[in-house]
Amino acid sequence: MSVMAKRGLVYVVDDDEAVRDSLQWLLEGKDYRVRCFESAEAFLSRYDPREVACLVADIRMGGMTGMELQDRLLERHSPLPIVFITGHGDVPMAVQTMKKGALDFIQKPFNEQQLMALVDRMLETARTAFAVHQQAASREALMARLTGRESQVLERIVAGRLNKQIADDLNISIKTVEAHRANIMEKLGVNKVADLLKIALAPGAKA
């Protein structure tokens, strides 16, 4: 994997062409991939939440503001880390964005080292969030392989019920419970109850 691929993708949203060009030159010079947009609306029309990325956006823009853009992303449950670029008078607004989850804000004219440090932090956050999402998606795919009856048996295994108790709960034979347990283990790719519980009890898993 190249250094550029490791660095990750940075979205830049600013209605000032000179600022966009400056940020693109600076970030690409440090081996980041960069995509620039002249408006929040243009960015939202092209944004792909499946990419590991971060966002550097101006707060004051014509049309949709940076704060409104953040609200739109929150409505979409986007995990995209954000840093805002602000003027001196925008600091109170920037603080509001941080209360809503923005990582930080930088004032114009911004410090190059400060910006690089923030971008690195955001991309690390993005990679962690992406990994968690991928794990959750993998678990959900595994759980979706279970039949309705197998899900019922699994719920009771997780609750600590014994085979005989599960059989009584579901009005089936103990042998049928054992068969369902074997099928569950096979479908989830585990051979120990401890590993089964890790999958069933993990965040995002649905029994």
Side-chain angles (χ1 to χ4, degrees), residues 1-137 140 203-204:
M1 182 178 291
S2 68
V3 172
M4 181 177 290
K6 289 179 181 179
R7 286 281 184 148
L9 172 63
V10 183
Y11 293 113
V12 174
V13 181
D14 198 304
D15 59 358
D16 186 325
E17 184 177 2
V19 172
R20 292 198 309 273
D21 289 346
S22 176
L23 284 170
Q24 183 168 13
W25 177 83
L26 175 62
L27 291 164
E28 288 183 344
K30 300 294 184 180
D31 291 327
Y32 297 97
R33 290 186 296 129
V34 183
R35 292 181 192 165
C36 293
F37 299 88
E38 73 281 2
S39 68
E41 293 86 347
F43 164 73
L44 286 172
S45 70
R46 300 284 300 277
Y47 169 51
D48 184 351
R50 296 170 297 180
E51 295 206 79
V52 178
C54 66
L55 171 62
V56 178
D58 194 7
I59 281 191
R60 292 186 183 274
M61 294 184 285
M64 187 185 300
T65 66
M67 295 181 71
E68 290 169 338
L69 170 58
Q70 182 184 30
D71 288 338
R72 293 288 184 87
L73 290 170
L74 289 173
E75 289 170 5
R76 297 184 183 188
H77 305 289
S78 168
L80 188 68
I82 307 173
V83 160
F84 284 102
I85 303 171
T86 74
H88 178 72
D90 299 332
V91 172
M93 297 171 61
V95 172
Q96 290 182 47
T97 68
M98 290 184 67
K99 290 179 179 179
K100 293 181 180 180
L103 183 68
D104 210 332
F105 62 91
I106 52 176
Q107 290 183 253
K108 301 175 183 176
F110 46 82
N111 177 279
E112 177 180 329
Q113 291 184 333
Q114 179 190 12
L115 176 61
M116 295 301 106
L118 288 173
V119 168
D120 281 338
R121 281 174 57 196
M122 286 196 293
L123 288 172
E124 186 60 34
T125 298
R127 280 189 282 270
T128 300
F130 184 78
V132 170
H133 174 76
Q134 289 294 92
Q135 290 170 0
E140 288 181 9

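Being a predicted model, the structure only gives us computed values, none of them experimental.
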| field | Within-4.5 Å side-chain heavy-atom neighbours: V119 and C54 | value | yes
Closest non-hydrogen contact found for D14 with M61 is CA-SD, 3.9 Å
State, with a plain yes or no, whether a side-chain heavy atom of D71 is found less than 4.5 Å away from one of K100.
yes
**Report entry** Evaluation steps, side chain to side chain contact (heavy atoms under 4.5 Å, CB included), between E51 and Y11
**Finding:** CA-CA 11 Å; E51 295 206 79; Y11 293 113; 3.6 Å; yes
* Asked: Side chains of F43 and L73: closer than 4.5 Å at any heavy-atom pair?
  -> yes
| Residues E41 and R46 bridged, charged N to O under 4.0 Å | no
Rounded to the nearest 0.5 angstrom, the CG-CE distance for N111 and M116 is 9.5 Å
CZ of R60 to CG of D15, rounded to nearest 0.5 Å, is 11.5 Å
When you measure from the side chain of S22 to the backbone N and O of V19, does any donor-acceptor pair fall under 3.5 Å? no
For the pair E68 (side chain) and T65 (backbone), establish whether a donor and an acceptor sit closer than 3.5 Å, ignoring hydrogens and angles.
yes
Side-chain contact test, heavy atoms from C-beta onward, threshold under 4.5 Å: evaluate it for L103 versus M98 and give yes or no.
no
- Tell me, do V10 and R33 make a side-chain contact under 4.5 Å, heavy atoms counted? no
Query raised in the report: Do E17 and E38 touch side chain to side chain, with heavy atoms closer than 4.5 Å?
Result: no
Output for pair (Q70 CD, I59 CD1), nearest 0.5 Å, gives 8.5 Å
Contacts of S78 meeting side chain to side chain donor-acceptor pair (under 3.5 Å) (sequence neighbours excluded), chain-then-number -> Y47
Residues S45 and A42: closest non-hydrogen pair is OG-O, 2.7 Å
Distance col, row L74:CG vs L80:CG, nearest 0.5 angstrom, shows 10.5 Å
Value for CE (M67) from CG (D90), rounded to nearest 0.5 Å, stands at 9.5 Å
Contacts satisfying ring-ring contact (aromatic ring centres under 6.0 Å, His included) that involve residues 99-124 (not counting sequence neighbours) are none
task = For residues I106 and L118, determine if any side-chain heavy atom of one lies less than 4.5 Å from a side-chain heavy atom of the other.
result = yes
N-O pairing of R121 and E124 below 4.0 Å = no
Of all heavy-atom pairs linking A40 and M64, the shortest is CB-SD, 3.6 Å
Please lay out, stage by stage, how Y32 and D120 fare under the test side-chain hydrogen bond (donor to acceptor under 3.5 Å, both in side chains).
-> CA-CA 10 Å; Y32 297 97; D120 281 338; 2.6 Å; yes
Interatomic distance, CE@M122 vs CZ@R127, rounded to 0.5 Å, equals 11.5 Å
Side chain to side chain contact (heavy atoms under 4.5 Å, CB included) between T86 and M93: does it pass, once the steps are laid out?
CA-CA 9 Å; T86 74; M93 297 171 61; over 6 Å; no
Side chain proximity check, L55 to V13, heavy atoms < 4.5 angstrom | yes
Exactly one candidate in V34, L26, D58 meets side-chain contact (heavy atoms from CB on, under 4.5 Å) with V12; the answer is V34
Salt bridge E112-K30, side-chain N to carboxylate O under 4.0 Å: yes
